[in-house]
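All remarks here apply to the structure that follows.
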Amino acid sequence: MSTASNPGPPGTPPRAAFVVAATGRAAFVDDSGAEPVVGPASTLLPRVRAVAEATGDDATGRTRLVWWAATVDARDLVADGIPVARCWDVAEAHRLLHGGWDARPAVAWAAAHGIPVETVPEATRGDLFDFSATDGPPPGAVVRPDGHLDPGAGAAGWEPDDATLVAWARAALECAALQESQLRALGPRAVAAAHSESAAALLCVELARDGLPIDRAVAEDLIARAAGPRPADHADALRIRRERDQVVLREVPGRESTDLRNPGQVRGLLAAVGIDVPNTRKWVLEPFRDTHRVVPALLEWRKAERIATTYGYGWLDAHVGPDDRLRGGWTACDGAAGRMTAQNGLHNLPIELRPAVAAHPGHVFVRADLGQIEPRVLAVVSGDPAFAAATRAADLYAPVAERLGVERAVAKVAVLAAMYGQRSGAAGEALKGLERAYPVAMRLLDDAYAAGVRREPLRTFGGRLIRLDAMLVSEAAGSGADGSAGAGGSEAPASTAAYDSARGRFARNAIIQGSAAELFKAWAATVRATTRDLGAQIVLCLHDELLVHVPAEHAEEASARVERALVDSARRWAGSSQVRFVADTSVIERWSQAKD
DNA sequence: ATAAGTACGTA
DNA sequence: CGTACGTACTTATT
């Protein structure tokens, strides 16, 4: 098999793979021909730290650490607090190159080697325990005779010997080298994107380690306001729940037995007071607020019920640790456009609960959110010089409005409609103005839409593949093809036109949303790297918003570096400073103090 | 047990 | 003014 010497172009920095098996043993292998190191992960960490902390221009100072996936291989070194600056995450590079989310090592390996991914073997118990299998890799290797990576390698229950673990590390190096050359063929931006995505994946492991600082007393108080006091036992919980329900049910005498959690029964209750609705969703009920007192009562009940169930005492107990940190799992990209995701409410905490997110003693938050990021990203992706000129304003809708000769509000609706919406409706005239003023940007949106309709994949600005073949479960839920006045055929409930336009909207949105996610991650990675020496921790990433937990004495310096990081990362990401990006940055003690 | 449907929180 | 995500509860299906 390959010795995985560095096959990149001259000047490619050295790489070293660090991989960890579930047994706790790790291998550290560099591509300079040095002797591999194998042993318990904990004993290898000092060596990894030396590489991670090395500075300067010498070879070791620029070494990029390679692993299959940060969640697995970087766990121990993140737990140890090792500040890795440069890494290559094979899984994230694979997701960038090929789209989708499945990036198991065997899949990334096959794709990197040009082997059809459909032929990747399933991991079975036989791969792990049946040593007589003729199709398995030979002893001390991880590649099978058919060229596939052993699908059992890296899976649960895998117990490699040291030679196999070294082979596993060498395979990661080989994969990274192949991926880099494939990304380079897409353009230099794609290699930079892989670096940035890899840093984001590492940041995700750190986010899961550090958690979001919580003021537990305030959290308890806010929950109590919505869900009532903490129940003493199960019977108490039922009583409190009944009392919460009674506030709604007493508005409709004779219907006290309605189950408010059953939408069908709620519909019946509403019908009894003369409100006939197709469903009981919030926006359907909203117009009936003044029709009957039960409607506002029900809507208030729903908000309280949401906090009581999803963000109640159970949530607090399960996810906020004894150190008052809210923790959840993080992923560096979703399976569609590439935004970060988080679990346990970190990405959808109701605004009412945000006062409970508070810096710990001696610390503050530096909060920064990107202003109007999506139209600014459109200016970069499309390369529209006129639209880029508009981004130089702090409020880009102002120059757009001036150019179109309309009010700012009209210009804003038109831009948003062009980026997200159907190209029709109220903003029609302003949309025509956009076409004339910014033809390059509008053309990009139209082209993306058309590619989506044709099921053709596209790439974000940084090169992430947006696939339109295997996906779009959500298109069935979207738009629904209703409004069919005539009695349609008994089958074909949704027209193909509805599916086509759903794909078109998805594609148009994904290229903007996904490119914005790339810029965001580049920014976050830069903030992480440049504020570490201040004792700063990124504790939340929310699509266009960063929350950094900082020792109070370094608040101003950290703010300045967050702003600086945006200028630098935007210039690197966009390849120029033609398009301006702006952040609203403030120093606060509670997340709720953020102005909006 | 698992899946689908409904509902709603965030950007 | 679209897209994406995660979570919980109910109902239907295996």
Side-chain angles (χ1 to χ4, degrees), chain A residues 101 226-227 241 259-267 277-286 298-299 301-312 314-315 318-319 328-354 357 369-375 378 409 412-427 431 445 448-449 452 466 468 471-480 501-517 520 540-547 591 594 596:
Chain A
W101 210 77
R241 191 166 107 148
D259 179 0
L260 294 175
R261 293 157 191 85
N262 182 328
Q265 291 192 28
V266 171
R267 230 183 118 217
V277 283
N279 61 61
T280 69
R281 291 185 146 93
K282 190 169 72 172
W283 53 89
V284 172
L285 296 185
E286 204 65 52
L298 179 64
L299 293 172
W301 175 89
R302 284 243 176 96
K303 283 178 77 164
E305 180 74 2
R306 166 75 44 186
I307 290 179
T309 55
T310 307
Y311 302 103
W315 167 79
H319 306 304
W330 288 79
T331 64
C333 74
D334 59 33
R339 296 220 286 200
M340 293 173 78
T341 68
Q343 294 174 315
N344 299 343
L346 283 157
H347 267 184
N348 41 12
L349 201 68
I351 285 159
E352 306 97 277
L353 289 183
R354 290 188 178 186
V357 177
D369 77 298
L370 301 177
Q372 305 168 338
I373 180 175
E374 294 193 337
L378 171 59
K412 177 176 175 176
V413 168
V415 170
L416 294 178
M419 282 197 303
Y420 308 139
Q422 306 284 12
R423 308 297 295 275
S424 62
L431 275 169
L445 295 169
Y449 186 95
I466 309 288
L468 285 128
M471 52 164 320
L472 287 191
V473 180
S474 56
E475 76 181 328
S479 77
S501 64
R503 281 198 312 280
R505 286 195 305 273
F506 169 76
R508 184 171 53 194
N509 183 265
I511 197 165
I512 301 300
Q513 190 186 96
S515 300
F520 178 82
L540 190 72
C541 294
L542 195 45
H543 306 315
D544 65 353
E545 179 173 358
L546 271 179
L547 209 53
W591 196 14
D596 45 356

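From a predicted model like this one, the values you see are computed outputs, not experimental measurements.
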Checklist outcome for this item: The nucleotide from dT6(B), dG9(B), dC1(C) with an atom nearest the side chain of L416(A) is dC1(C)
Checklist entry - Counting any heavy atom closer than 4.0 Å, what does A510(A) reach on the DNA or RNA strands: base, sugar-phosphate only, or nothing? => result nothing
Checklist entry - Which residue, Q343(A) or R339(A), contacts DNA chain C at a nucleotide closer to its 5' end, judged by nearest heavy atom? => result R339(A)
Item to check | Presence of T280(A) side-chain N/O under 4.0 Å of dA7(B) phosphate oxygens OP1/OP2 | outcome: yes
Checklist outcome for this item: In this structure, OG of S515(A) is separated from CD1 of I373(A) (nearest 0.5 Å) by 10.0 Å
Item to check | From CG (D334(A)) to CE (M340(A)), nearest 0.5 Å | outcome: 11.0 Å
Checklist entry - In whole angstrom, what separates Q265(A)'s CD from dT10(C)'s P? => result 10 Å
Item to check | Closest to side chain of N344(A), choosing from dA7(B), dT7(C), dG9(B) | outcome: dT7(C)
Checklist entry - For the side chain of N348(A), counting heavy atoms from C-beta on, which of dC1(C), dG2(C), dT10(B) is nearest? => result dT10(B)
Item to check | Pairing partner of dG9(B) (Watson-Crick or G-U wobble, both distances under 3.5 Å) | outcome: dC5(C)
Next on the checklist: Any base atoms under 4.0 Å from L346(A), or only sugar-phosphate, or nothing? Heavy atoms, all strands.
Outcome noted: nothing
Next on the checklist: Let's see if you can work this out: which of dA7(B), dC9(C), dG9(B) has an atom nearest to the side-chain heavy atoms of T309(A)?
Outcome noted: dC9(C)
Next on the checklist: I need the CH2-P distance between W330(A) and dA11(B), as an integer number of Å.
Outcome noted: 13 Å
Checklist entry - Heavy atoms, side chains only, cut-off 4.5 Å: are W330(A) and H347(A) in contact? => result yes
Checklist entry - Rounded to the nearest Å, what distance is computed from the CZ atom of residue R302(A) to the P atom of nucleotide dA8(C)? => result 17 Å
Next on the checklist: Please report the distance, rounded to the nearest Å, between CG in L353(A) and P in dG6(C).
Outcome noted: 20 Å
Next on the checklist: From CG of L299(A) over to P of dA7(B), roughly how many Å is that when rounded to an integer?
Outcome noted: 12 Å
Checklist entry - Which is true for R267(A) with a 4.0 Å heavy-atom rule: it touches a base, it touches only sugar-phosphate, or it touches nothing? => result nothing
Next on the checklist: Within the 4.5 Å heavy-atom criterion, are E286(A) and L299(A) side-chain neighbours or not?
Outcome noted: yes
Checklist outcome for this item: Ranking dA4(C), dT10(C), dT10(B) by distance to the side chain of D334(A), first place goes to dA4(C)
Checklist entry - Can you find a heavy atom in the side chain of L260(A) that is under 4.5 Å from one in the side chain of L298(A)? => result yes
Next on the checklist: Is there a side-chain contact between R281(A) and the phosphate of dA7(B), meaning an N or O under 4.0 Å from OP1 or OP2?
Outcome noted: yes
Next on the checklist: Can you measure W301(A) atom CH2 to dA7(B) atom P for me and round it to whole angstrom units?
Outcome noted: 12 Å
Item to check | Criterion side chain to side chain contact (heavy atoms under 4.5 Å, CB included) on Y311(A) and N348(A), from CA distance to verdict | outcome: CA-CA 10 Å; Y311(A) 302 103; N348(A) 41 12; 3.1 Å; yes
Checklist entry - Where the side chain of N509(A) is defined as all heavy atoms beyond and including C-beta, which of dT10(C), dG2(C), dA11(B) is the nearest nucleotide? => result dG2(C)
Item to check | For atom CH2 of W283(A) and atom C1' of dG2(C), their distance in whole Å | outcome: 14 Å
Next on the checklist: Just N and O in the side chain of K282(A): are any of them under 4.0 Å from OP1 or OP2 of dG9(B)?
Outcome noted: yes
Next on the checklist: So if I take every side-chain heavy atom of R306(A) and compare against dT3(C), dT6(B), dG9(B), which nucleotide ends up nearest?
Outcome noted: dG9(B)
Checklist entry - Between R302(A) and T280(A), is any pair of side-chain heavy atoms under 4.5 Å apart? => result yes
Checklist entry - Within the structure shown, what part of the strands sits under 4.0 Å from I512(A) by heavy-atom distance: base, sugar-phosphate, or nothing? => result nothing
Checklist entry - Among dC1(C), dC5(C), dG2(C), which is the nearest nucleotide to the side chain of Q513(A)? => result dG2(C)
Next on the checklist: Can you identify which nucleotide, out of dA11(B), dC9(C), dA7(B), has its nearest atom closest to the P263(A) side chain?
Outcome noted: dA7(B)
Checklist entry - Can you tell me how far P of dA7(B) sits from CG of N262(A), to the nearest Å? => result 10 Å
Checklist entry - dA8(C) phosphate, OP1 or OP2: any side-chain N/O from R261(A) under 4.0 angstrom? => result no
